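Bear in mind that the values here come from a model prediction, so they are computed numbers and not experimental data. One is the number of the first residue; the rest follow in order along the sequence.
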Amino acid sequence: MGIISTKNLTKKFGDFTANKEINLDIEAGEIRAIIGENGAGKTTLMNMLYGVLQPTEGQIYFEEKPVTFHTPKDAIACGLGMVHQHFRLSPSLTVYENILLGVEEMKTAKVGNKKIRLPLIDNKAEYRIIDDLVRKYNFNLDPGSKIKDLSVGARQRVEILKMLYRDVKVLVLDEPTAVLIPQEIEELIKEILELKKAGKTIIIITHKLNEVKMCADYISVMRRGELVGTVPNDENATRESLAEMMVGRPVLLRVQKSEKPVDRDKVVYEVNNLSARDGAGREVVKNVSFKIHANEVLGVAGIEGNGQSELMYLLTGLMKSTGGSVKLNGEEILQLHPDELREKGIGIIPEDRYKQGLCLSLPVSTNLITGYHKQKRFCKAGMMNFREIRKNKEELVKKYDIRLSGTDPVVSALSGGNGQKVIVAREFSNDPEVLLASQPTRGIDVGATEFIHQNILKMRDEGKAVFLISSELTEIKSLADRIIVIYDGEIVGEFLEEEVSFHELGLYMSGAKRMERDSEETVDSK
């Protein structure tokens, strides 16, 4: 029995079994990857290990002793910590303040032979403690920097240090590379391997098979709530074989683009000098211009927070511009509402599925027609045709493999990946002329990703135009004919896909390439 084990661990939600008799055994000092499709039960399993959920049946063992975690605090006290995909940091506080939040070092005063703890934080002592911790694990961080000034990769290191300060023996990383650029991913992999050398046990939950192959000792695969196998990370554990274990069938991991050329003579979608300011008056989109031709996928690369979200809001009618224009086949469409854009033939896959793409309290059938509910098929003379709505749901659930826990559950009952499938099914099924897609495969398993990628390329080959924002550079490189890079609200680079490397894109995304250019211009001016 290893440092952490489970025996017949089962979790039920009513009649639905999310985890069924999971028997897991992880050795101390091991890097274990846990992979699986959306809805496979990975998150439920980790939530039980971390005390967020309690098992319906079965037992968890930590260092060979049966344990019960009622809260994450219990898990941390035992020696298990978790770094979530969405960071839980206070932007206005420093690195050391975030790490020590809740366990602050207080000043003391000597009264006679006794030390009295004062209600004052000892900032100097806190800085010194965290500086020593940073040096111990060789993390490239300044303890005095504010979180809001750090890169995404640096923020992730702060989250890891929060757990290391609490002296956890097992560290769970949930989708750790989801928003990192290539250089940051390489750095994180090095840090994970160093933590292993320091005696830590690492559990990685991810769907990125490349990174699994780079660092894992063993790989556990989950499918439909069950653990279907654990394999050593050797030459037999190929990306293709792992994907097949996850999905239950062979999966095409890298889509094959057709040789159909971009129609340079036909501009379908055109953006000129588009600009916008946020609520604080800060310019967040700066004179952005681009064209998308028929038979073309234009990919947008950039680290999150550099204006991609705001650009998507502008293009989909959710934000007002301060200047510029957007044209569809020569017709001005800037500032139209989302439903008006859909009537014009624009499909929209928003960045945040829950805030902009779905209504959680409504059933799947209703969400599958949202934005298109005025179509005659679904609505006549102001009356909804529930038979057609139900028929549409049945067709799309089957075609897009949307996994439901009931006949027509509310969307809040679905996993994140299946919620994303609802949006994708809705937009693709309406055959748009232009697809505006932001993070279309975020939180989606390899099987669904394959399906979405094939459909995007099918749209391209049918003469449609696709605007694709993605934090996944492999996705951008796989699908795009042309790539633009956004940094600090403006386009800083434009490339044909075959002419730019991952490394080069990473330099532009981080601002290093632009800074390098600015530096050269400064030197030349002297």
Side-chain angles (χ1 to χ4, degrees), residues 11-19 36-44 46-47 52-53 84-86 174-175 178 207 224-225 309 312-313 316-318 337-339 341-342 346-375 377-379 384-430 432 435-445 447-449 451-452 455:
K11 182 62 181 178
K12 294 183 179 181
F13 297 95
D15 294 331
F16 176 68
T17 302
N19 279 166
E37 293 184 273
N38 293 109
K42 305 186 302 295
T43 300
T44 301
M46 288 305 108
N47 282 339
V52 176
L53 296 172
H84 297 270
Q85 181 180 347
H86 303 290
D174 183 13
E175 297 288 355
H207 65 278
R224 295 182 181 263
S309 298
M312 188 67 171
Y313 296 157
T316 56
L318 297 178
H337 293 138
D339 59 336
L341 291 172
R342 286 189 168 96
I346 291 180
I348 302 169
I349 301 177
E351 173 185 314
D352 191 318
R353 52 179 165 256
Y354 295 127
K355 287 184 179 179
Q356 298 128 13
L358 298 167
C359 182
L360 296 179
S361 60
L362 292 179
V364 169
S365 59
T366 304
N367 275 278
L368 282 168
I369 66 167
T370 302
Y372 301 97
H373 53 281
K374 295 179 183 178
Q375 292 179 3
R377 177 187 174 188
F378 304 123
C379 183
M384 303 305 294
N385 187 336
F386 292 106
R387 178 180 294 178
E388 280 300 313
I389 294 171
R390 184 168 56 253
K391 182 180 176 183
N392 179 68
K393 185 263 298 182
E394 291 169 354
E395 291 172 353
L396 296 184
V397 163
K398 182 178 180 181
K399 182 176 180 180
Y400 289 85
D401 190 27
I402 304 170
R403 298 179 186 177
L404 308 181
S405 57
T407 304
D408 191 16
V410 293
V411 165
S412 60
L414 303 185
S415 69
N418 281 298
Q420 185 75 356
K421 287 182 185 179
V422 170
I423 297 172
V424 169
R426 180 181 67 210
E427 301 303 323
F428 280 12
S429 65
N430 281 280
L435 178 67
L436 304 178
S438 183
Q439 316 295 351
T441 61
R442 175 174 284 171
I444 290 287
D445 55 68
T449 295
F451 185 84
I452 292 170
N455 276 271

Of all the heavy-atom pairs spanning [X] and [Y], show the shortest one and how long it is.
{"X": "Ile346", "Y": "Tyr372", "result": "O-OH, 4.2 Å"}
{"X": "Pro432", "Y": "Gly347", "result": "CB-N, 3.3 Å"}
{"X": "Gly419", "Y": "Leu358", "result": "O-CD1, 3.6 Å"}
{"X": "His373", "Y": "Phe378", "result": "O-CB, 3.9 Å"}
{"X": "Phe428", "Y": "Ile349", "result": "CE1-CD1, 4.1 Å"}
{"X": "Gly317", "Y": "Pro338", "result": "O-CD, 4.2 Å"}

Among Asn392, Asp408, Ile423, Val411, the one residue meeting side chain to side chain contact (heavy atoms under 4.5 Å, CB included) with Leu368: Asn392
Side chain Lys42, main chain Gly36, donor-acceptor under 3.5 Å: yes
Check: Gly41 main-chain N/O paired with Asn19 side-chain donor or acceptor under 3.5 Å: yes
Quick check: do [X] and [Y] have side-chain heavy atoms less than 4.5 Å from each other?
{"X": "Arg342", "Y": "Arg426", "value": "yes"}
{"X": "Asn385", "Y": "Arg377", "value": "no"}
{"X": "Gln439", "Y": "Gln420", "value": "no"}
{"X": "Ile389", "Y": "Met384", "value": "yes"}
{"X": "Lys374", "Y": "Asp339", "value": "yes"}
{"X": "Gln375", "Y": "Asn430", "value": "yes"}
{"X": "Lys393", "Y": "Asn367", "value": "no"}

Calculate, to the nearest 0.5 Å, the distance between atoms [atom1] and [atom2] belonging to [X] and [Y] respectively.
{"X": "Thr316", "Y": "Leu341", "atom1": "OG1", "atom2": "CG", "answer": "7.5 Å"}
{"X": "Leu414", "Y": "Arg353", "atom1": "CG", "atom2": "CZ", "answer": "10.5 Å"}
{"X": "Thr407", "Y": "Arg390", "atom1": "OG1", "atom2": "CZ", "answer": "10.5 Å"}
{"X": "Glu395", "Y": "Ser429", "atom1": "CD", "atom2": "OG", "answer": "9.5 Å"}
{"X": "Thr17", "Y": "Arg224", "atom1": "OG1", "atom2": "CZ", "answer": "13.5 Å"}

Aromatic contact, Tyr400 with Phe451 (centres under 6.0 Å): yes
Atom NE2 of His84: over 12 foreign heavy atoms under 6.0 Å: yes
